[in-house]
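None of these values were measured; they are calculated from a predicted model. One-based numbering, in listed order, for ligands and for the atoms of each. Along the sequence shown, residues are numbered consecutively beginning with 1.
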Amino acid sequence: MVVAWHRPTKIIIHTKAITNNVKNELARLPEGKELFAVVKANGYGHGAVQTAQAAVAGGATGFCVSNLDEGVELREAGFNQPILVLNMIPVDALTLAIVHDLSITAGNKEWLENAANYLNKHKLKHALSLHLKVDTGMGRIGFLTPKEVVDAVTFIQESAVLEWEGIYTHFSTADQADETYWKQQQQRFLNTLEQLPFLPKYVHVSNSATALWHDEKIGNMIRFGVAMYGLNPSGHALTEPYPLQPALELVSELIQVKRLPEGEGIGYGETYITEKPEWIGTIPIGYADGWLRNLQGFSVLVEGFLCEIVGRVCMDQIMIRLPHEVPLGTKVTLIGKNQEKEITMQEVADQMSTIHYEVACILGTRIPREYQD
Ligand SMILES: *Cc1c(COP(=O)(O)O)cnc(C)c1O
């Protein structure tokens with residue numbers, strides 16, 4: 001996919017916001033507790049490398065990614081901090097993980113055995129660093145019982161090609177006010193920890209929501225994701241303990257402005273018809289950029305005015321109704337502040353009946369990212 005540099009639509013990332021969010025979170029953590037910046041999925045659409053740089057400036061001491069390639073991207077950009085891959089990877093790619101000094105998650109016995117078999121056949125100088133994932137109620141990846149975890153530890157201890165670096169779990173309801181299930185998960189993790197012969201270098205349980213809203217005493221590192229980008233992990237449910245600073249702005253410009261007479265159809269399917277003579281503007285962004293069709297009826301900001309998206313969202317363009325004539329090239333804000341008004345990623349998510357995580361991830365790779373302090 002090429003990046004459309006020659007189009008006025010762009011994402012502006014305010015790296016200072018990322019740095020500040022990391023700093024503010026670290027200031028709340030107990031002395032010595034580390035923050036790993038979660039930069040999977042191209043830094044939730046913000047750019048993995050630039051986000052990682054901004055996070056380090058704020059005090060992050062490691063990174064979490066979702067797959068091997070994302071880890072390699074960070075190494076190739078020159079980062080030498082610990083990097084944890086939050087998933088299992090195909091075992092025949094493990095030599096790459098060792099070469100790039102990436103820690104990998106192990107979540108079941110079969111994978112662990114396959115990994116050891118592969119590495120015994122393709123011996124490298126260094127052992128593979130592993131974090132054991134414990135499934136305490138997410139039902140995704142991870143060892144279920146304390147016995148399975150203890151057996152995995154024994155297996156790693158007895159292997160010359162594996163090294164035990166960490167243990168962790170993931171909470172499924174940390175973004176809700178009701179702590180009942182969260183506490184059950186915590187207890188299950190504690191039960192597992194109690195059975196272990198010793199603890200590895202990293203013990204970690206907190207995603208953003210746990211870090212923000214739960215008094216989490218377990219662990220010496222947090223996996224800080226969505227809140228680092230300035231987004232409230234709970235959506236509307238819980239109030240942020242300190243103001244999170246949104247990092248992402250989505251802007252464009254009007255490439256056509258015209259006065260249409262009453263009764264003109266706008267867009268595919270003629271779903272909007274002008275009710276009177278109206279000023280209609282066209283903006284070069286569409287569903288191919290992740291600005292999806294269900295954003296018809298939502299608004300964008302022009303000169304501080306909310307302007308409705310009228311007619312269907314096209315693949316590459318949208319039309320809006322303007323309050324009056326404005327010059328070609330006038331700035332349009334789709335996410336972010338414009339004069340006194342603001343459209344948040346949460347509002348876009350609400351209109352799309354989804355969560356802001358999804359909005360951030362689907363903003364297309366076609367849109368250039370520009371980085372500002
Ligand atoms: C994505 C992810 C995180 C970060 O979650 P946020 O809600 O964005 O903070 C932490 N841990 C794991 C295992 C993840 O997959």
Side-chain angles (χ1 to χ4, degrees), residues 17-18 21-22 24-26 28-29 33-46 48 51-52 54-55 58 60 62-68 70-71 74 82-89 102-108 130-143 165-176 182 185-186 189 202-214 216 218-238 240-242 244-248 345-346 349 354-362:
I18 295 172
N21 292 325
V22 169
N24 290 338
E25 182 55 33
L26 273 167
R28 288 161 22 103
L29 293 181
K33 195 150 174 168
E34 292 185 52
L35 183 152
F36 277 24
V38 183
V39 296
K40 61 193 181 191
N42 194 30
Y44 296 39
H46 292 62
T51 298
F63 307 108
C64 297
V65 295
S66 153
N67 54 60
L68 181 76
E70 292 177 348
L74 293 182
I83 298 175
L84 169 62
V85 178
L86 296 167
N87 224 314
M88 282 163 284
I89 67 169
L102 305 173
S103 303
I104 305 295
T105 296
N108 62 66
L130 292 172
H131 287 228
L132 296 178
K133 179 83 178 273
V134 186
D135 179 7
T136 56
M138 178 79 177
R140 196 166 57 176
I141 59 167
F143 297 92
E165 186 186 53
I167 186 161
Y168 72 109
T169 193
H170 192 54
F171 293 113
S172 69
T173 62
D175 57 351
Q176 298 172 13
W182 183 88
Q185 283 198 263
Q186 186 192 47
F189 192 63
Y202 292 109
V203 177
H204 48 109
V205 298
S206 300
N207 53 1
S208 297
T210 299
L212 293 182
W213 294 299
H214 300 275
E216 182 48 80
I218 307 175
N220 54 5
M221 180 262 271
I222 69 168
R223 307 184 301 271
F224 204 52
V226 85
M228 173 172 69
Y229 303 95
L231 300 168
N232 180 329
S234 75
H236 300 286
L238 300 170
E240 315 162 6
Y242 54 92
L244 296 170
Q245 303 176 19
L248 186 147
M345 188 123 47
Q346 180 63 48
T354 183
I355 56 173
H356 52 55
Y357 288 80
E358 197 174 47
V359 177
C361 288
I362 65 170

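Residue, atom and distance of the protein heavy atom nearest to atom 9 (O) of ligand 1 are Ser208 OG, 2.5 Å. In terms of protein heavy-atom proximity, atom 13 (C) of ligand 1 is closest to His170 ND1, 3.6 Å. Remark: minimum distance from atom 15 (O) of ligand 1 to any protein heavy atom is reached at Lys40 NZ, 2.8 Å. Looking only at protein heavy atoms, the nearest one to atom 10 (C) of ligand 1 is Arg223 NE, 3.4 Å.
Between Tyr229 and His46, the two ring planes are tilted [angle within 30° to 60°]. Between His131 and Tyr168, the ring planes are perpendicular. Angles over 60° get that label, and only those under 30° would be called parallel.
A heavy-atom distance below 4.5 Å is not found between the side chains of Asn207 and Pro233. Taking 4.5 Å as the limit, every side-chain heavy atom of Pro246 sits out of range of all side-chain heavy atoms of Met345. A heavy-atom distance below 4.5 Å is not found between the side chains of Phe36 and Ile83.
For ligand 1, the atoms closer than 4.0 angstrom to any heavy atom of Asn207 are 5 (O), 9 (O), 10 (C). Heavy-atom contacts of Tyr357 reach the following atoms of ligand 1: 6 (P), 7 (O), 8 (O) (cutoff under 4.0 Å). Near Tyr44, meaning under 4.0 Å from one of its heavy atoms, ligand 1 places the atoms 1 (C), 4 (C), 5 (O), 6 (P), 8 (O). Each of the atoms 6 (P), 8 (O), 9 (O) of ligand 1 lies under 4.0 Å from some heavy atom of Gly225.
An N or O contact shorter than 3.5 Å links Val226 to ligand 1 by distance.
Residue contacts with ligand 1 for Arg140 involve side-chain atoms from C-beta outward but no N, CA, C or O (heavy atoms, distance under 4.0 Å). When non-hydrogen atoms are compared, ligand 1 lies under 4.0 Å from the side chain of Leu86 (C-beta onward) but not from its backbone.
In this structure, Phe189 has no ring-ring contact (aromatic ring centres under 6.0 Å, His included) partners at least two apart in sequence or on a different chain.
Remark: the backbone N or O of His170 is paired with a side-chain donor or acceptor of Gln185 at under 3.5 angstrom.
Screening Gln186, Met221, Glu216 for a side-chain contact (heavy atoms from CB on, under 4.5 Å) with Val205, the sole residue that qualifies is Glu216.
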